[in-house]
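What follows is one structure encoded as structure tokens, with my remarks underneath.
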Amino acid sequence: MVNADILARLADTIEARKGADPSTSYTAKLMHKGLDSILKKVGEEAVETVMAAKDGDKLHLVREVADLWFHTLVLLAQQGLGPNDVLAELARREGISGIDEKNARPE
Ligand SMILES: N=c1c2ncn([C@@H]3O[C@H](COP(=O)(O)OP(=O)(O)OP(=O)(O)O)[C@@H](O)[C@H]3O)c2ncn1[C@@H]1O[C@H](COP(=O)(O)O)[C@@H](O)[C@H]1O
């Protein structure tokens, strides 16, 4: 089924690739290379997303965002985090009413 559960399923697959033989899978290979390689891919996919948006090609944009989401999920997993951490932060923000919290704080 195509819904938000796919993020959880994909995160489980990525987690399972953490200890896998790097020769068996793209994700396992990227995990094995480590943080700097993962960050390089996140940066590349972010740039490709920007370029796709500027091209005005919606299908291309969706595909680049999918690449970006996938690589950010790999980054989260490498850092011991997952999509639920980000979803929890977004849910927390839904409760924020636009007040600039820093400036709203009493002296
Ligand atoms: N969602 C993805 C996914 N999105 C993008 N990619 C890979 O990310 C890479 C994108 O990088 P590029 O476009 O720069 O292509 P590239 O030249 O092959 O990449 P580099 O070798 O330069 O790093 C491609 O190799 C894609 O295959 C993904 N690889 C895997 N998944 C998911 O992860 C699961 C596990 O995948 P494996 O690790 O391959 O078993 C799969 O079932 C998929 O659901």
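All ligand and atom numbering here is 1-based and tracks the order in the structure. Side chains are part of it too, since the values below use all heavy atoms of this structure and drop only hydrogens, waters and symmetry mates.
Rounding to the nearest 0.5 angstrom, the gap separating the CG atom in L7 from the CG atom in N84 is 9.0 Å.
Taking both residues in full, the closest heavy atoms of L68 and V42 are given as CD1-O, 3.6 Å, listed atom of the first, atom of the second, then distance.
Between the D57 side chain and the L59 main chain, a donor and an acceptor come within less than 3.5 Å of each other.
Protein residues having a heavy atom under 4.0 Å from any atom of ligand 1 are L10, T13, R17, S25, Y26, T27, K41, E45, D67, F70, H71, listed by chain and number.
Residue pairs meeting the side chain to side chain donor-acceptor pair (under 3.5 Å) criterion with at least one member in residues 15-26, sequence neighbours excluded, are E15-K18, R17-S25, D21-S23, Y26-H71.
L76 is not listed as a side-chain neighbour of D85, based on a closest heavy-atom distance of 4.5 Å or more. The shortest distance between side-chain heavy atoms of V86 and E89 does not fall below 4.5 Å.
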